[in-house]
Amino acid sequence: MRIIYIILLFLSILAIGIFLYFMIQPSIVMPIKDHAHRIEDIIKLFSDTPDQIKKNTTHYIEQTRQALDNYVQLPAAQKNFQTSAMALDRLMVSDLMLYQNVLSALEFLSPDANIRETAHESSLEIQRFVVEYVTSNKPLYDAFIAYADTIAPTEQLTDTQRYFIEQTRKVFERSGLGLPEEQRARIATLHKDLAALVAEFDKNIAQDNRTITVDREGLAGLDDDFIASLRTTETGHYILGVDYPTVNRVLEQCAVEDTRKRLYEAFNNRAYPLNDALLRTIIQKRDELARILGFASYAAYDLDEQMVQTPERAFNFLHDIYTRAKAKEEKELERITYHLPESVTRTEDGLLKPWDLAYIKYIYKKNSFLLDEQLVSEYFPMEKTIEALFDIYQKFFSLSFKEVEASGLWHPEVKVLQVYKKNDQRLLGTLLLDLYPRDNKYSHAAHLTVIPSVHNVDGINIPDVSVVIANFTRSTPTKPSLLTRKDVSTFFHEFGHALHAILSTTDFATFSGTSVKRDFVEMPSQMLEEWLWDKDIVRSISSHYQTGQQLPEAILDTIVQLKQFDSGMTLRTQARYAILALEYFGPGADKDPYALLVDLYTKMAPEFYFDPKNHFYASFGHLTGYGAKYYGYLWSKVFALDLFAQIKKEGLLNPAIGKRYADIILARGGSKDPYLLLIEFLGREPRVDAFIKDLGL
């Protein structure tokens, strides 16, 4: 899934960019932005002890506090775009902001409990500082508005510079700095409270390591190598964790219903009951915040600056998709359940059980299409597959990748990859790849920017530093790590976010890379996923781990046929998630998350049994990062398929169209309204036709 952003609250507080002026005070060490060029310096960023993390946090906060005071006291005669507008942009590449990114990575990835806890507490300290000295700083707001209203109109500025001023003004106003003092004080308190609540919510998900245990018979249907990779108890029982590789494998391939059910319930109870109470409080405080700011609900506030603009428009979009996909889902369910697998039964009311659906699909494809996903994964050994994917990126975007030996990062398994522009070998970015599951590691897949790519910052071009997180099955004594097609798609998706960050060429840190409207941010990643439905592309990245042979033509044909196999079910599932998020943050402060979940599934998924032990919302991490904006996955998918159809006409490995796409869409980041970027690339208004056709609706 997604996009998914680990610096959740800090960026949500700042929205797209109330950025402070970083100047004057020298750093304890060299500025963090200068670490982006050398591997040795990048490693140092993640090498702090708990004591050093505390010291650095205190130092960077004081450094920024002084910069704020200097900004506010700047004489009117010295105000211009550089000192009054661009100065606010520079927090994105100041030590404070970049160290917050480092702390986020350490909190979610470090195997050291002391470092994780210290990073968590230091992140909260920075967030509290931001609330007090940025989002509640009336003198800062007044100083910027004085410049924007009186001096900016007299300057010769570019469209992008004026867009920055306009967007910064909106962010200030959405922070409530134009309101009376009493309301500003309450907003500040709410922001501080929410910072702590959101951080705790995310921490509870990341550090939930619950497991179930089963005997050997309980693993029937699963291959011997996978079973051999599992940990065991002292009594010889096998331990199944709630990490995605394990859950996906078991729910798809295990022939024992009891095992599927117990793991399904463990997975859908992560962070419960802790996050139940937290979510209720988050909903209450977000609702109060929105109402103080003049919005009918948090959803209305959250969507006001997105492409969709209003909850009503988002609801209409989702219900339209849900209605369009209904007939297709009904046909899909009828087809795959005509002959149920031996271990699958319906409830007394004739309903399907949710822990059986993935297994039903797997067996149906195996029997009706003669496609065994387990055997297909043998053609995707991780190392060779990722190398082949890199080759696609290098050709299409005219890049060159170089793996670099590095030690001293948070875990020995982290790989380091440098990305260069092919024509002049200019360093564009460094990627840190953390690809295997372990205890207390963030259990989903994600991309995190640590140092954003920015041009002309103090005369220096800063290359991007990003982390790509995945949780792929480990190698066994007899097999290398083998990727399912879903794993390959996941890597393509997250690497798409990384490329968006790396290929950014903006002069503004505020607009760099993935700093775009949230309902557009998934578009580049979702578009890259479409490469994996092209026969020639899939053939080129396949290589059997034993023979080296590519996927046979018959299997390739079957894979392409399967693109629309369950698109109705997939679309309606995603629509339900998005509608649930909108419901949680709709009008009203007092909501029961569980009751809303039950009500939604009863009404919108009547063919499925709702497991009363399902508390999925407690681990629905997008509720903190995306808020009401989960609809953005489907919203941006429409644009992704429209662009992909255009690109495919000119060649999926054609560097000319790759350059045009990178220059118009990726390089500009958030420096222009995404709808205008789409029109510029397509030469017309975006259309829904490709989306409807591609998904067989």
Side-chain angles (χ1 to χ4, degrees), residues 212 214-215 217-222 240 242 244 246-270 272 321-374 484 486 562 564-577 579-580 594-617 619-620 695-697:
I212 68 168
V214 297
D215 57 20
E217 288 72 24
L219 298 174
L222 295 162
L240 298 175
V242 291
Y244 278 81
T246 300
V247 172
N248 289 338
R249 180 74 69 94
V250 172
L251 291 185
E252 284 187 349
Q253 299 176 19
C254 183
V256 181
E257 181 187 2
D258 182 66
T259 302
R260 297 196 302 268
K261 177 183 178 182
R262 289 198 295 127
L263 191 58
Y264 169 88
E265 290 180 341
F267 181 75
N268 283 288
N269 278 284
R270 288 172 299 147
Y272 180 82
I321 287 178
Y322 201 77
T323 301
R324 286 175 184 261
K326 183 176 187 295
K328 189 168 191 309
E329 182 188 44
E330 289 174 347
K331 291 179 181 178
E332 292 165 358
L333 285 171
E334 181 181 3
R335 184 169 61 247
I336 68 173
T337 60
Y338 188 76
H339 291 296
L340 290 175
E342 185 176 339
S343 69
V344 175
T345 59
R346 293 179 181 268
T347 66
E348 292 182 0
D349 299 330
L351 303 179
L352 291 170
K353 301 166 191 173
W355 51 80
D356 290 335
L357 184 59
Y359 182 64
I360 293 170
K361 290 182 185 180
Y362 176 80
I363 296 299
Y364 180 84
K365 287 188 287 185
K366 190 173 181 179
N367 292 338
S368 300
F369 288 91
L370 303 180
L371 184 72
D372 187 337
E373 294 284 12
Q374 185 174 309
T484 65
K486 185 183 295 184
L562 282 171
Q564 298 178 354
F565 161 68
D566 62 349
S567 61
M569 285 183 274
T570 300
L571 286 173
R572 282 166 69 87
T573 298
Q574 286 297 306
R576 285 195 295 269
Y577 290 159
I579 290 171
L580 184 66
Y594 180 75
L596 283 172
L597 179 68
V598 174
D599 183 64
L600 181 136
Y601 271 78
T602 301
K603 291 177 179 176
M604 300 190 72
E607 61 278 1
F608 290 100
Y609 167 72
F610 180 82
D611 180 10
K613 295 182 180 178
N614 180 356
H615 298 93
F616 152 76
Y617 58 87
S619 57
F620 191 3
L695 297 172
L697 301 185

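Everything numeric in this text was worked out from a predicted model, so none of it was measured.
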Determine yes or no for a side-chain-to-main-chain donor-acceptor pair under 3.5 angstrom, with [X] supplying the side chain and [Y] the backbone.
X      : Y      : result
Asp349 : Leu351 : no
Arg260 : Cys254 : yes
Thr573 : Met569 : yes
Ser368 : Lys365 : no

Do the non-hydrogen side-chain atoms of [X] and [Y] ever get within less than 4.5 Å of each other?
X      : Y      : answer
Lys328 : Leu697 : yes
Asn268 : Lys613 : no
Ile212 : Glu265 : no
Leu240 : Leu219 : yes
Asp356 : Leu340 : no
Glu373 : Thr484 : no
Asn367 : His339 : no
Ile363 : Ile336 : no

Set of residues satisfying side-chain hydrogen bond (donor to acceptor under 3.5 Å, both in side chains) with respect to Lys361, sequence neighbours excluded: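 side-chain hydrogen bond (donor to acceptor under 3.5 Å, both in side chains) check on Lys361 returns Asp566.
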
Calculate, to the nearest 0.5 Å, the distance between atoms [atom1] and [atom2] belonging to [X] and [Y] respectively.
X      : Y      : atom1 : atom2 : value
Gln374 : Glu252 : CD    : CD    : 10.0 Å
Tyr264 : Glu257 : OH    : CD    : 12.5 Å
Arg576 : Leu571 : CZ    : CG    : 11.0 Å
Leu357 : Thr337 : CG    : OG1   : 10.0 Å
Asn248 : Lys486 : CG    : NZ    : 4.0 Å
Leu352 : Thr347 : CG    : OG1   : 8.5 Å

Shortest non-hydrogen separation from Tyr359 to Gln253 and the atoms involved: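 Reported closest heavy-atom pair: CE1-O, 3.8 Å.
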
Contact summary for Leu263 and Thr246, nearest pair of heavy atoms: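 Minimum heavy-atom separation between Leu263 and Thr246: CD2-O, 4.2 Å.
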
Would you list the atom pairs, donor with acceptor, under 3.5 Å between side chains in residues 594-604 and any protein atom, with sequence neighbours excluded?
unit_1: Tyr594; atom_1: OH; unit_2: Pro612; atom_2: O; d: 2.8
unit_1: Asp599; atom_1: OD2; unit_2: Lys603; atom_2: NZ; d: 3.3
unit_1: Thr602; atom_1: OG1; unit_2: Val598; atom_2: O; d: 2.7

Candidate pair Val256 and Glu217, rule side chain to side chain contact (heavy atoms under 4.5 Å, CB included), full reasoning: CA-CA 8 Å; Val256 181; Glu217 288 72 24; over 6 Å; no

Charged N-O contact under 4.0 Å between Glu332 and Arg572: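 No, this pair does not count.
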
Step-by-step side chain to side chain contact (heavy atoms under 4.5 Å, CB included) determination, Asn269 to Phe616: CA-CA 6 Å; Asn269 278 284; Phe616 152 76; over 6 Å; no

Derivation of the side chain to side chain contact (heavy atoms under 4.5 Å, CB included) call for Tyr364 and Tyr338: CA-CA 10 Å; Tyr364 180 84; Tyr338 188 76; over 6 Å; no

Charged tip of Arg270 within 45° of Phe267 ring normal and under 6.0 Å: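 Satisfied, under 6.0 Å and within 45°.
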
Aromatic ring pairing Phe565/Phe369, orientation class (parallel under 30°, perpendicular over 60°, tilted between):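 Perpendicular.
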
Parallel, tilted or perpendicular: ring planes of Trp355 versus Tyr609, cut at 30 and 60 degrees: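 Perpendicular: the ring planes of Trp355 and Tyr609 meet at over 60°.
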
